[in-house]
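Take a look at the structure below.
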Amino acid sequence: MSRGMLKFAAAALALGWMSLAVAAPDVGQAQKQALNVHAIVMFFIFVLATLGITYWAAQRTKTASDYYAAGGGITGTQNGLAIAGDYMSAATLLGLTSMTYFQGFDGYIYCICFYVGWPFIMFIMAERLRNLGKFTFADITSYRLDQRQVRTVAAIGSLTVVVFYLIAQMVGAGQLIKLLFGMEYWMAVVIVGVLMVIYVTFGGMIATTWVQIIKACLLLGGGTLVMLLAFSQFGFSFETLATKAVENSKKGMALMAPGAFLSDPVTAVSLSLGLMFGTAGLPHILMRFFTVPNAKEARKSVFIATLCVGFFFTVVALMGLSAITIVGTNPQYFEGGEIGGKLIGGGNMPAMHLAHAVGGNLMLGFLSAVAFATILAVVAGLALAGASAISHDLYANVIRQGQATEAEEVRISKMSSLGLGVVAVLLGIAFEKQNVAFMVGLAFGVAASCNFPVLILSMYWKGLTTRGAIWGSIAGLVSAVLIVVLSKAVWVTVLGNKAPIFPYEQPAIFSMPIAFFFAWLGSVTDSSVRAAKEKEAFEDQYVRAQTGFGAAGAASH
Amino acid sequence: MSSEVYERIRKNPKFDELVSKRSRFAWTLTFVVLGIYFAFIMIVAFNPTALAAPIWEGGKATIAWPVGVSMILLFWLMTGLYVKRANSEFDDINAEIVKRAIE
């Protein structure tokens, strides 16, 4: 392979792996498989259990706080698992295994980039988020700023992230389920949409959290089991595993060291920034910080989440390395039985083939059910975050200006989740044949450029004013979207033009500084009376951020 | 009402002590993490062969993998270090400051 092609492959993988959508080019033409009975039975059990939980949660969901934040009654450990669950999508399992399978150590570098945001969230954000927030992250950005304006742009940022992420998950889910379960694409999308709406509408955050916790345990357990079974074939010796992998891969020793990943440093750094700060700007992740009773538990949850994510990434890398030998030398996993040719089901399938190779149909069925459960849990979290942005930010605080009752607010939220479900299903079906890989890149780009800069400035910089927050959010949103649209991912791949207008696909390195600059510029040139008051109000906010006094759900003080 | 409490908290010298201690600790840990991470990224970008050395003489497994695992492990332990200190020492000072202010 030429260097140019390698770069292209690395960039394509880099942009796409995060969601199932990475599979779009391959899985897009996925052949429907024979009905997988094991998978369907196990998935059915999962659905029944989660519906039971939703029923139980619905009994306990009485107030707005119950609905949005599980009444602040989730423990740090539970929330840590749920955060990890939000973070580890089916894409992590499939995409990262496949990346290590094809690229070796570069796949693990990717995992590390994806992981390093967590310590940052712990040290810089966790306690302030918990101490200042209530239901949505806009509670924090609008704490001392103009409620209507700031919440409006925050809601736009949240909904942009949620909708693009949802579409990518829906399309990925449809393709994956068609492939693994032998179900029609549209049926799969409708099932995911309906279950998502049921969890969110009836069970609110309590049900969403528990679905997420169960899924996180299944994913961690299932992944570890497959990894151990695979690793045992090498006598649990990493040296044997490595030697065999080098023997059986076309890449040879190149598997064992960094390769094409950083061949383009601008893209690599931009990607790192986007992953790190995008994570800290994802509305469904930020919402999780409000489900615990205090900052102590918030810190514990990040500690647990960091452990789970780091552990799982390592498991996934070992799965990918094992698959090189176990899957890569077995003709039954290649189209036409041609070893080294196209993998059956596409490039994202090494994890699934590995499960089949080490544990037969039963294990394949189990891992497929886990992947399906994972998608359900992630879309439920997204839908709840989107519905909250509509009901808590737009409806209750912008339209009704804080005059809505809790019951009205929750009713709007339930209607919104139904609306989001319909939109997600329709768009999921509309985009079936499209390459939607760019949508996840876009979601992370907008999270890092529109949500994160204003959020961090509102907590750390006294000088931020309403005008600065608006300018910063809009500049970040527009630049991130423009860069993605003008880059190859959309301009060439989706719109069919010949050459991209903008050479880089990862927006963060450009759009984040733009957002920070405009937030600063808008603030320092703002000499209005309102701005002066806003700066003054920082003092009280600062004390609350530091001590948690007055924080929602911390009434025991 | 709470504004008065915030005022009293701010005037308590222990509050400054809490903030400066905790901030210093948090930022130190942050810079250590970022320093190690970007050093790693720089090695990957400019001297990738440094990570290609075998773990065992003549073996195929390279030090790249244990280096990666150690980074993940180290960063996690650092979050643990932060939680340990923040949830005991810092939270004790914090509780005392709040208690004093609402008395």
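For the numbers below, each heavy atom of this structure counts, side chains included, while hydrogens, waters and symmetry mates do not. Chain letters run A, B, ... following the sequence lines, proteins first, then strands; residues in each count from 1. Since the structure is predicted, the reported quantities are computational estimates derived from the model, not experimental observations.
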Checked A:Val246, A:Thr243, A:Val116, A:Thr240 vs chain B; the most non-hydrogen pairs under 4.5 Å come from A:Val116

request  = In sequence, state the C-alpha distance, the side-chain angles, and the governing distance for B:Leu34 and A:Met276, and then conclude on side-chain contact (heavy atoms from CB on, under 4.5 Å).
outcome  = CA-CA 11 Å; B:Leu34 290 180; A:Met276 196 167 163; 3.4 Å; yes

Smallest heavy-atom separation, B:Gly59 atom then A:Glu239 atom, equals CA-OE2, 3.2 Å

OG1 of B:Thr30 to CZ of A:Phe123, rounded to nearest 0.5 Å, is 6.0 Å

Could you list the donor-acceptor pairs under 3.5 angstrom formed between side-chain atoms of residues 74-82 of chain B and any protein atom two or more places apart in sequence or on another chain?
{"from": "B:Trp76", "atom 1": "NE1", "to": "A:Phe303", "atom 2": "O", "distance (Å)": "3.2"}
{"from": "B:Thr79", "atom 1": "OG1", "to": "B:Trp76", "atom 2": "O", "distance (Å)": "2.6"}
{"from": "B:Tyr82", "atom 1": "OH", "to": "A:Glu127", "atom 2": "OE1", "distance (Å)": "3.2"}
{"from": "B:Tyr82", "atom 1": "OH", "to": "A:Glu127", "atom 2": "OE2", "distance (Å)": "3.1"}

Cut-off 4.5 Å, heavy atoms of chain B, and the answer for A:Phe105 is both

Within 6.0 angstrom of A:Glu536 CD, more than 12 heavy atoms from elsewhere
no

With chain B, the option among A:Val309, A:Leu321, A:Thr314, A:Leu255 that has the most non-hydrogen atom pairs under 4.5 Å is A:Leu321

Problem set entry | A:Met122 side chain reached by B:Val33 side chain, heavy atoms, under 4.5 Å | no

Here the pair of heavy atoms bringing B:Asn87 nearest to A:Lys296 is O-NZ, 3.1 Å

Distance col, row B:Ile97:CD1 vs A:Thr547:OG1, nearest 0.5 angstrom, shows 7.5 Å

Candidate pair A:Ile109 and B:Phe40, rule side-chain contact (heavy atoms from CB on, under 4.5 Å), full reasoning:
CA-CA 9 Å; A:Ile109 298 179; B:Phe40 173 75; 4.2 Å; yes

Residues 33-61 of chain B vs side-chain hydrogen bond (donor to acceptor under 3.5 Å, both in side chains), sequence neighbours excluded, gives A:Ser272-B:Tyr37, B:Asn47-B:Thr49

In terms of heavy-atom contacts, A:Met256 and B:Ala64 come closest through O-CB, 3.7 Å

Pairwise side-chain contact, A:Cys113 with B:Ile41, heavy-atom cut-off 4.5 Å (strictly under) = yes

Side-chain donor-acceptor distances from residues 65-73 of chain B under 3.5 Å, at least two apart:
{"from": "B:Ser70", "atom 1": "OG", "to": "B:Pro66", "atom 2": "O", "distance (Å)": "2.4"}

Report yes or no: does B:Arg10 contribute a side-chain atom to a donor-acceptor pair with the main-chain N or O of A:Tyr542 at less than 3.5 Å?
no

Open item on the list: Main chain of A:Ala257, side chain of B:Thr62: is a donor-acceptor contact present, judged purely on distance under 3.5 Å?
Closed with: no

Residues of residues 11-20 of chain B with a heavy atom under 4.5 Å from any heavy atom of chain A, in residue-number order, are B:Phe15, B:Val19

Among A:Pro119, A:Cys111, A:Ala126, A:Ala295, the residue with the most heavy-atom pairs under 4.5 Å to chain B is A:Pro119

